[in-house]
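Model, not experiment: these values are computed from the prediction.
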Amino acid sequence: MKKAPVAAILLAGHLLAQGQAADPSTATTPEASPSLPVFGVTADRTEVSVGDSVTVTYSVRLPSGSSLRLDTLVTPEPPEGARPPGGAVLEFEPPKAVTAGEAADGEGKVLWTQAITFIPFMAGTVVAPGPYFTVEKKPASGDPGPPQVLRAPSVTLRVASRLPKDAKPETLAPKDDRPVRLPGPSLLFWAGIAALALLFLAALWWRIRRKRRAKGVVAAGLPPVPPGEELLAALEALAREAERLGADPRGFYAELTHAVKRYLERRLDEPVLEWTSFETVRRLREKGIELPKEIGFPELLSAADVVKFGRGRSTRDAALSHLGRARLLHDSLEARFSPPPAAAATEKAS
């Protein structure tokens, strides 16, 4: 059995006089020396099973002005060869603070109480030793002297095993694992899925209807601007921007290449905007479209790529020169693909 502080040994004679409580469920205490306070002990139950909690309340009357402090909790040593799997016979929960009553009795004493909860882990008759308390008395005159170390009475429990009768833990077969059953989706879950699906279908329908409406507005509006006129208008706007070209010309060259590729896409009916610069030059040659060398179409696209992707620099004169090449491209293709004036007039008259 674990021992209390050494100060408790000084009171061994008095403690032996106290002994153990005959009936731990009652609040009576054994006879003691008149000079020592007498503890009362009350257990909420004395017949339990292994693992059940038991709360024991210790009480004592002390002269007014004295104080009581819990010092040591004691757990008994298990019998030889009967040590519980966890090792300790009792496990204690953190005890609450000692409480003192407000009213004193006729002798000027105050009732102090301490509740302690513990859990037995050994079957059979278990004696829960009383804890050690320290009592500090109110000084009557001068030095009050050293504090007193007192021990409360023990409590006897009858602890029943949770195992089958006469069975040892090592002889019991482990229980089969029970399959884990996950709860099925609730009605609220399926309602949320249905709501999300409806929202997705509504958004898809709105997008399709918007595209159809936009196409209808274009079809019902004015005829589209011819590709050549659209390119010249874009080049005119870029010429004004080239006059005030800043330190970062990437935006200018991005708009220039977009205008040129859009013109080629509309004029040739090919997805030129999706092609790279190298692919654009190659596919034009595959279609038999040879542009005059003075246009320098490959150099125009490569110079724009250096500025856009290589953070290259450019000047106002270089930008205006590139705009001139784009106009030469326009003039060359328009002369090749536009019908002669006489044929156009005949077509218009018909």
Atom pair CZ (Phe297) and CG (Leu301), whose distance is rounded to the nearest 0.5 Å: 4.0 Å
Atom CG of residue position Leu196 - does it have more than 12 heavy atoms of other residues, nucleotides or ligands inside 6.0 Å? yes
Where Val50 and Met122 come nearest, the two heavy atoms and their spacing: CG2-C, 4.2 Å
NE2-CZ distance between His322 and Phe252, expressed to the nearest 0.5 angstrom: 9.0 Å
Side-chain donor-acceptor pair under 3.5 Å between Thr113 and Tyr58, yes or no? no
Quick one, Arg313 and Val307 - any side-chain contact, counting heavy atoms below 4.5 Å? no
Is the backbone N or O of Arg240 less than 3.5 Å from a side-chain atom of Arg244, with the two atoms forming a donor-acceptor pair by type? yes
About how many Å separate CD of Glu265 and NE2 of His258, when rounded to the nearest 0.5 Å? 8.5 Å
Between Phe92 and Ile116, is any pair of side-chain heavy atoms under 4.5 Å apart? yes
For the side chain of Glu136 and the backbone of Ser66, is there at least one donor-acceptor N/O pair under 3.5 Å apart? no
With heavy-atom distances below 4.5 Å as the criterion, would you say the side chains of Pro147 and Val135 are in contact? no
Considering all heavy atoms, the nearest Ser49-Val159 contact: C-CG1, 3.8 Å
So does Arg311 have more than 12 non-hydrogen atoms from other groups sitting under 6.0 Å from CZ? no
Return yes if a side-chain donor-acceptor contact under 3.5 Å exists between Lys308 and Thr257, otherwise no. yes
Here the pair of heavy atoms bringing Pro224 nearest to Arg266 is CB-NH2, 4.1 Å
Compare every heavy atom of Gly130 with every heavy atom of Arg151, then report the nearest pair and how far apart it is. NE-O, 2.9 Å
Let's go through Thr99 and Trp112 carefully: what are the C-alpha distance in whole Å and the side-chain angles of both, what is the deciding distance for side-chain contact (heavy atoms from CB on, under 4.5 Å) to 0.1 Å, and is it a yes or a no? CA-CA 6 Å; Thr99 59; Trp112 291 75; over 6 Å; no
Hey, what's the ring geometry for His330 with Tyr263, parallel, tilted or perpendicular (30° and 60° as the breaks)? tilted
Check Pro120 against Phe118 and note the closest heavy-atom contact, atom names and distance. CD-O, 4.1 Å
Can you confirm whether more than 12 heavy atoms, excluding those of Glu294, are under 6.0 Å from its CD atom? yes
Do Leu291 and Leu333 have side chains that approach each other closer than 4.5 Å (heavy atoms only, starting at C-beta)? yes
Value rounded to 0.5 Å, distance of CG in Leu231 from CG in Leu329: 7.0 Å
Is the shortest heavy-atom distance from the side chain of Asp44 to the side chain of Val54 under 4.5 Å? yes
Inter-residue atom distance Glu290.CD - Arg336.CZ, 0.5 Å rounding: 8.0 Å
For Phe133, does its backbone N or O pair with a side-chain atom of Asp71 as donor and acceptor, under 3.5 Å? no
Atom CZ of residue position Arg282 - does it have more than 12 heavy atoms of other residues, nucleotides or ligands inside 6.0 Å? yes
Show your working on side-chain contact (heavy atoms from CB on, under 4.5 Å) between Leu256 and Leu235 and close with a plain yes or no. CA-CA 7 Å; Leu256 175 59; Leu235 296 178; 3.8 Å; yes
Could you walk me through whether Val38 and Val60 pass the side-chain contact (heavy atoms from CB on, under 4.5 Å) check? CA-CA 6 Å; Val38 179; Val60 63; 6.0 Å; no
Between Thr280 and Thr276, is there a donor-acceptor pair closer than 3.5 Å when you use the side chain of the first and the backbone of the second? yes
Donor-acceptor check, side chain of Asp331 to backbone of Leu328, threshold 3.5 angstrom: yes or no? no
Can you list the steps and then say if Glu255 with Leu238 is a side-chain contact (heavy atoms from CB on, under 4.5 Å)? CA-CA 8 Å; Glu255 294 180 10; Leu238 288 172; 3.3 Å; yes
Any chance CG of Leu199 has more than 12 other-residue heavy atoms, nucleotides or ligands included, within less than 6.0 Å? yes
Would you indicate whether Arg45, at its atom CZ, is surrounded by more than 12 heavy atoms from other residues, nucleotides or ligands within a distance under 6.0 Å? yes
Heavy-atom side-chain contact between Leu111 and Ser59 under 4.5 Å: yes
Quick one, Pro76 and Val127 - any side-chain contact, counting heavy atoms below 4.5 Å? no
Close side-chain approach of Thr125 to Leu157, heavy-atom, < 4.5 Å: no
Where Ile295 and Ser332 come nearest, the two heavy atoms and their spacing: CD1-CB, 4.0 Å
So, applying salt bridge (charged side-chain N to carboxylate O under 4.0 Å, His left out) with Glu270, which one of Arg262, Lys287, Arg283, Lys261 is it? Lys287
Roughly how far, to the nearest 0.5 Å, is the OG1 atom of Thr57 from the CD atom of Gln114? 9.0 Å
